[in-house]
Amino acid sequence: MTYIIKRLLLFIPTLIGVITLVFLILHAIPGSPATRVLGEFATAESIAEFERRLGLDRPLIEQYIDFVTSYATGDFGESYRTGEEVIDQLALELPYTLHLVTAGMIIAIIIGVGLGIVSAIKPNSLLDNIGRIIALLGVSMPVFWSGMILIILFGLKLGWFPIIGAGDTGDVPDILHRLVLPAFTVGFLTSGVIMRMTRSSMLEVLDQDYIRTAFSKGLADTIVYLKHALKNAAIPIVTVIGLSFGGLLSGTVLTETIFARHGLGKFLVDAILWKDYPAAQGCIFVISLMFLVINLITDLIYGVLDPRIRHA
Amino acid sequence: MHLLQIKNLKTYFYTTDGIGKAVDDVTFSLEKSETLGLVGESGCGKSVTALSVMRLLKEPPARIVNGQILFDGTDLLRRTKKDIKAILGKRISMIFQEPMTSLNPVYTIGDQIAEMLSLHEDLAKKQSWERAVDMLAKVQIPSPEKRAYEYPHQLSGGMRQRAMIAMALACNPEILIADEPTTALDVTVQAQIIDLMMQLKNEFGTAILLITHDLGVVAQTAERIVVMYTGKIVEEAETLAIFEDPKHPYTRGLLQSLPNIGYRSFSRRQPLHEIEGIVPSLYGLPQGCSFHPRCPDVMAICRQTAPKLVDIGDNHNVQCHLYP
């Protein structure tokens, strides 16, 4: 328990670091938000007025202190573009991304861990080679390309899945139907890394003495592989799954754009294009928070999997 | 009828270095409730013999190319995988050399023993657990009901080997194959483990195939001894006969290599005897008798032809040209 509290406290400096970086990078992009929001033909006066109203004319350090203190009080500011509260917009977009990330991760884990185990059981067999080729394709195909291919094949040629939009809230079958192609796009990207780690980790474990002991007990092969070997092989696999979550999140940015879905990824791209500082900062803050939570969960799973970590 | 009979067993390793004849035409048998010592240096094929019986070899590279392993009247090599799995753990079980790594680190020892019981004895979860705790008590692990909840890393080497023995004997098997069960342990713990095995053997009537390079251990425990060298049996006899009147030069060499503490007076101490040379590689065995380059009694014929295993009386078999 104290461990969890300690880990949660560590979130604070990490998040301060994240928002500082985000703040600096966004402000380092040349050009003023005013030109984007007011358009090409805005007068110098209206631009000055815009910047004064939003406090963009003040020294950077003042803006930064302002920004940090308002985040500390839970105030994410208002979007330059729409004038809406950023936090409300994020709350609207977040579920779509969560759907995509969760579905993508499930697909990645099923493909990655499944192929990895099959490959490790019979190394260098035909099945292993097929698995490795699939993994290689997974890691080397960029999302914007594999997404297009899926759209062309399953959306346009076969017409099995809709290719645009995320569906209406509440209509679960429709949401799931529209989730299939984008989830496969991001899931496939991540599955390659997971497959490779599963394979090598399983190969190492299958060589261990306790696996021979398990076989000597007369246990069925599947029990030896799934119960005795996989749990021991799981720590590096879980680590990779946790880490590839970051890659998956960045995959959603492109995937949401390709499939014209709502979601944090598309929201972030738009916010950056519009130099909508509050929206971009809020969005990156939420994504970082998700990443931190996933990493915390990963650490907690270690303890569940391995008693030696729990007792340490 | 023999409890377990191994007939003309040949287990070869097919590698890029060539064919390694790890077990080459080995024949011996194990009787009911008997303790048989299988002795030899590292790499002589004792473990491979045991793993062939248990069908635990990695195939490939290993392959059982010939022979019969008769158990209960049938040849285990002709039985299906499912049949073998029903026998393993239930009627023939095995303990290994490395207690440190032979237990699964992520499950409690209670779980690992109970798993065996629920698999073969068809017991409910609770009953298997109770039986597992009973077994831990039988192998003299203190406060077994608490220890059952512990993980292997919380136990010492000796305790882990006790837990392994508890697991191996949980289903009251007819045969226990013990592959160097005490090699990785402290000397004091070794004695305890051997005592424990013998005590349980008497209680359960289990036959033990004790694989070891430690002649001291077999002297205390085994009724008969089979000596192996480079995949072949070189001598087989009652324990007393092996120790009192060893026939094969290799067996003699092994016995002479044992230190005799307090046997000679201090001033007459002599350096410990050693068998010259090293065990040849399986992939480049010498022609004729494979022991001839190291043999003190080597003759011309030894370099030409391999000797046959001959019975010289009193169930004493030797494979050496000295005994034609």
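Sequence lines set the chain letters: A, B, ... in the order given, protein chains first and strands last, and positions in each chain run from 1.
Heavy-atom pairs under 4.5 Å with chain A peak, among B:Gln97, B:Glu98, B:Glu115, B:Met167, at B:Glu115. The choice from B:Pro105, B:Ser93, B:Ala170, B:Gly89 that makes the most heavy-atom pairs within less than 4.5 Å of chain A is B:Pro105. Interface remark: of the candidates A:Ile223, A:Leu219, A:Ile211, A:Leu219 forms the most heavy-atom pairs closer than 4.5 Å to chain B.
Proximity to chain A is limited to the side chain of B:Met54, based on heavy atoms less than 4.5 angstrom apart. With a threshold of 4.5 angstrom between heavy atoms, B:Leu51 approaches chain A through side-chain atoms but not through N, CA, C or O. Neither the backbone nor the side chain of B:Met100 comes within contact range of chain A; no heavy atoms are under 4.5 Å apart. Contact of A:Ala214 with chain B is not made at all, since no heavy-atom distance falls under 4.5 Å. Within the 4.5 angstrom heavy-atom criterion, only side-chain atoms of B:Leu119, from C-beta onward, approach chain A. The contact between A:Leu206 and chain B is made entirely by backbone atoms, counting heavy-atom distances below 4.5 Å.
To the nearest 0.5 Å, the span separating OH on B:Tyr107 from OH on A:Tyr210 amounts to 10.5 Å. Rounded to the nearest 0.5 Å, atoms CG (B:Asp179) and OG (A:Ser216) are 11.0 Å apart.
More than 12 heavy atoms of other residues, nucleotides or ligands shown are found within 6.0 angstrom of CD on B:Glu121. The 12-atom threshold is not exceeded at CZ of A:Phe184, counting heavy atoms of other residues, nucleotides or ligands nearer than 6.0 Å.
Between the side chain of A:Lys217 and the backbone N or O of B:Gln112 there is at least one donor-acceptor pair closer than 3.5 Å. Side-chain N or O atoms of B:Tyr151 include none that pairs as donor or acceptor with a backbone N or O of A:Asp306 at under 3.5 Å. Side-chain N or O atoms of A:Thr213 include one that pairs as donor or acceptor with a backbone N or O of B:Ser102 at under 3.5 Å. Checked by atom type and distance alone, the side chain of B:Asn104 pairs as donor or acceptor with a backbone atom of A:His228 at under 3.5 Å.
Cation-pi geometry between B:Lys85 and A:Phe215 is not satisfied (NZ or CZ under 6.0 Å from the ring centre, within 45° of the ring normal).
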Is there a side-chain contact (heavy atoms from CB on, under 4.5 Å) between B:Met94 and A:Arg212? Walk through the geometry before answering. CA-CA 10 Å; B:Met94 186 161 179; A:Arg212 192 178 57 188; over 6 Å; no
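The pair A:Asp207-B:Lys58 meets the salt-bridge criterion, since a charged nitrogen lies less than 4.0 angstrom from a carboxylate oxygen.
At least one side-chain heavy atom of A:Asp221 sits under 4.5 Å from a side-chain heavy atom of B:Lys81.
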